[in-house]
**Q** 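Just passing along the structure, written as structure tokens.
Each chain gets a letter, A, B and so on, in the order the sequences are listed, and its residues count up from 1. What you are looking at is a predicted structure, and each value in this text was computed from that prediction instead of being measured.
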Protein chains: 2
Amino acid sequence: MAGTDGKPVIGTMEELSAAIGVSRPTLSRYFQDPGRVSRASAERIRRGLERVDYTPNFFATRMNRRSTGMIGVIIPYLNDLHFTKLLEAIEVAAMEAGYTVITQCSHSSPEVEARAAETFLSMNVDGAVVAPLGNSSDLDAHERLNARLPLVLVDSRPRTLEHVDFVGSDHPQSTGLIIDYLCRLGRPPVFLAMPRVNFNALEREAAYTARMEALGHVPEIVGTEAVEKDWHFEAHGHAVMDREFARGTLVDRSILCVNDRVAIGALCAAARHGLEPGARRRGGLRIAAHDDYPLGPYTVPSLTTVAQDVDSIGKAAVSRLVAKIRGDRGASAHLVQLFDGALRVRDSA
Amino acid sequence: MAGTDGKPVIGTMEELSAAIGVSRPTLSRYFQDPGRVSRASAERIRRGLERVDYTPNFFATRMNRRSTGMIGVIIPYLNDLHFTKLLEAIEVAAMEAGYTVITQCSHSSPEVEARAAETFLSMNVDGAVVAPLGNSSDLDAHERLNARLPLVLVDSRPRTLEHVDFVGSDHPQSTGLIIDYLCRLGRPPVFLAMPRVNFNALEREAAYTARMEALGHVPEIVGTEAVEKDWHFEAHGHAVMDREFARGTLVDRSILCVNDRVAIGALCAAARHGLEPGARRRGGLRIAAHDDYPLGPYTVPSLTTVAQDVDSIGKAAVSRLVAKIRGDRGASAHLVQLFDGALRVRDSA
DNA sequence: GCGTGCAATTTACACGCGTCAAATATAGAC
DNA sequence: GTCTATATTTGACGCGTGTAAATTGCACGC
């Protein structure tokens, strides 16, 4: 069998050994680190590899190594740029640290999420970074993962997993930031929440309430019930605000949306009702949110929000995981690392 | 060692065999298909597994099986909901067909893309679905992949890989659809293109030109040069149209954007210049696009576009791949499967 | 020429499980 | 009770590579 490049395809190290006249174990060492064989052998092997098409078998190499050099990543959804940004940061950081990343997506299903965790265990990954699904997650599965390998949770932090290392955003800080900004320029904001399926959403809701009370304002929350069956973030934001605006309520308020995707729906509802949210119209409708979704600068009007430092979160999670894998001192202690949000003032509030 | 659930952790089948009194080969057969052992043994094993924590080693199981039951998927970017939708369709279809999906993202890098292909070869995946990066792809790597295992390309089709099976959209059809619609309601559209890094973009541009000429109109194309360094789709659409609108050009034209993300940038530019694109304003500015990006319904105004049937494309790609893996008759012939686009008339055009 | 010390290589075994041929258990017929 | 046919189980070997121990090769000094 020959590849299209004409090189003969070689299946095993044994064959390769015969083909270029170097013993198999020497080849094994060469592939792990060319510096571990003599200069002469390395050169000979290199020249040999130019003439044939061979890659060591992924499974056989991983089976016996102390370390597989792989880390597993689980994210809940793919259809959300917030998570894809996070995943990208994690993958890049892991690649730079020399790890092979195996990504699994829960696709909103606790069963799939639990199965992914099992897969990682059976693959002997060196460690795992998990962004949990939320309330519906199979927490036992995460618990088992944590018991058997280095694990770092990111983005969202289930209450029963508070003893697991976590890297995420400081929601009281970030939410406080945008609330203070909104209060400084106008009436205290109403919170556009969402059904309680997500820890981050809950944390932000709680942070909103706390901050409002600290400022002496009365918290007002809308949208905790699902207005539509099979709702998505944008659809939810649109449905809730469409209902409000149709009633003539909230049309002159500041709305703080639980996240940017909900805000996109809210902005759409505002436009449909002829409303023009914006900071420049004092006393009028303003819409702000949380996350800094990549499309925020391009909504109409562009979206005022508070940015999560997703890039740093991804990097920090990997760096923490690598430390745990290497058994660095300090890595056995429990760590919670929270990043500050940053205000992004644009046109919508 | 014991998991948090208290079950003793068992590392190998050998140990499990000793623990529950069934021979190891019988266990092996049980894990492949419980139906292949006697009812009595299956029951005994099931009860045994309730008392201990064991999962077969992923690598060891895959190493010797004729089929690894895995398919590899490569997508170019994560920060694009079009690709995540495609990936989701592929993953779900593959899971339903009983395959484990290994996803690798090229992260815009031809080297990473080529390495992913090599990884799949070394993992003995049963087959691969690849959405190529584009012009910059290492086509040799894809060629090698195609020579050594069942391969289906999706979404984008490099010229030099025309002999490889492909599943995607019929761009002449879909582009024709939206052009005809635009012409029916107003002036023939100008095409807002993008730098030539992507085969789909090129195909759509060519389809635009062909259709316009067939209708007796003169094609007008803007935006093929990168206006900003380090451009992204939305930024590109915004930059090009901002420049045009600032000059006072194109303000009363129909603009057909190469894809929805570019259109989002264009809509934003329009709003900044006080323009209100829409179908109801005859003779005025209209903006339409291609893809049916999930946010299209929530832009302001909502985006008229032509939908790619991403779901069907993903399913068809997997179904084709599975046929090739199984060696179904007909699967050895070359296949190109194109799906029609569907018009989504909304407010922007 | 011969031993010495060190680096490089090779030998030999291990890893965890798939698989097949051979052995055993089971059921049924007489 | 024996015998046959069939369903199950098991022993033994192999997969492609990692790795520790044993061996070889080499340069050097006497």
**Q** For a quick check, tell me whether the side chain of Arg62(B) and the base of dG18(C) share a donor-acceptor pair closer than 3.5 Å.
**A**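 A donor-acceptor contact between them is absent.
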**Q** Could you state the atom-to-atom distance from CZ of Phe59(B) to P of dG18(C) in whole Å?
**A** 14 Å
**Q** Dump the intermediate steps for side-chain hydrogen bond (donor to acceptor under 3.5 Å, both in side chains) on Thr103(A) and Glu91(A), then the final yes or no.
**A** CA-CA 9 Å; Thr103(A) 304; Glu91(A) 286 200 353; 2.8 Å; yes
**Q** For the side chain of Ser28(B), starting at C-beta, report the closest nucleotide among dT17(D), dC17(C), dG18(C).
**A** dG18(C)
**Q** Are more than 12 heavy atoms from other residues, nucleotides or ligands located less than 6.0 Å from atom NZ of Lys315(B)?
**A** no
**Q** Would you classify Tyr54(A) as touching base, sugar-phosphate or nothing, given that sugar-phosphate means primed atoms plus P, OP1 and OP2, and contacts are heavy atoms under 4.0 Å?
**A**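 Answer is sugar-phosphate: Tyr54(A) comes under 4.0 Å of backbone atoms only.
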**Q** In whole Å, what is the span from the CZ atom of Arg36(B) to the P atom of dC17(C)?
**A** 16 Å
**Q** On DNA chain D, does the nearest nucleotide to Pro25(B) precede the nearest nucleotide to Met63(B) from the 5' side, or the other way round? Give the residue.
**A**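 Comparing both residues, the 5'-ward one is Pro25(B).
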**Q** In whole angstroms, how far is the P atom of dG18(D) from the CZ atom of Arg29(A)?
**A**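 Distance, rounded to whole Å: 12 Å.
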**Q** Does the pair Arg47(A)/Glu43(A) count as a salt bridge with the N-to-O cut at 4.0 Å?
**A**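 Looking at Glu43(A) together with Arg47(A), the answer is yes, because their closest N to O distance falls below 4.0 Å.
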**Q** Within the pair Thr26(A) and dA8(C), is there a side-chain N or O less than 4.0 Å away from OP1 or OP2?
**A**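 For dA8(C), OP1/OP2 do not have a side-chain N/O of Thr26(A) under 4.0 Å.
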**Q** Find the bend of the helix from dG1(C)-dC30(D) to dC30(C)-dG1(D) as the angle between its two terminal axes (five pairs each), to the nearest 10°.
**A**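 About 50° separates the two local helix axes.
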**Q** Within this structure, what is the CZ-to-P distance between Phe58(B) and dC15(D), rounded to whole angstrom?
**A** 22 Å
**Q** To the nearest Å, give me how far apart CG (Leu27(A)) and P (dA8(C)) are.
**A** 16 Å
**Q** Let's test your reading of the model: under 3.5 Å, does the base of dT17(D) pair with the side chain of Asn64(A) as donor and acceptor?
**A**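 Such a pair exists between side chain and base.
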**Q** If we count only N and O atoms by modelled type, under 3.5 Å, do the side chains of Ser28(B) and Gln32(B) hold a donor and an acceptor together?
**A** yes
**Q** Does a side-chain heavy-atom distance below 4.5 Å link Arg62(A) with Met63(B)?
**A** no
**Q** Send over the distance from Arg44(A) CZ to dA8(C) P, rounded to a whole Å.
**A**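 About 16 Å, once rounded to whole Å.
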**Q** Locate the shortest heavy-atom distance separating Met13(A) from Phe31(A); write the atom from each residue and the value.
**A** CE-CD1, 3.6 Å
**Q** May I ask you to verify if any side-chain N or O of Tyr30(A) is less than 4.0 angstrom from the OP1 or OP2 atom of dT9(C)?
**A** no
**Q** Regarding Arg144(B) and Asp140(B), does a basic nitrogen lie under 4.0 Å from an acidic carboxylate oxygen?
**A** no
**Q** For Gln32(B) and dC17(C), is the shortest distance between a side-chain N/O and OP1 or OP2 below 4.0 Å?
**A**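 No, no such contact exists.
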**Q** Does dA20(D) have OP1 or OP2 sitting under 4.0 Å from an N or O in the side chain of Arg66(A)?
**A** yes
**Q** Taking CG from Asn57(A) and P from dC15(C), how many angstroms apart are they, rounded to a whole number?
**A** 19 Å
**Q** Rounded to whole Å, how long is the line connecting atom CZ of Arg24(B) with atom C1' of dT10(D)?
**A**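 For the pair Arg24(B) CZ and dT10(D) C1', the rounded distance is 10 Å.
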**Q** Side-chain N or O of Ser23(B) versus OP1/OP2 of dT10(D): is the shortest distance under 4.0 Å?
**A** yes
**Q** So does Thr61(A) get a side-chain nitrogen or oxygen closer than 4.0 Å to the phosphate oxygens (OP1/OP2) of dG16(D)?
**A**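 No, because none of the side-chain N or O atoms of Thr61(A) sits under 4.0 Å from OP1 or OP2 of dG16(D).
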**Q** Tyr54(B) and Ile10(B): which non-hydrogen atoms are nearest, and at how many Å?
**A**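 That would be CD1-O, 3.3 Å.
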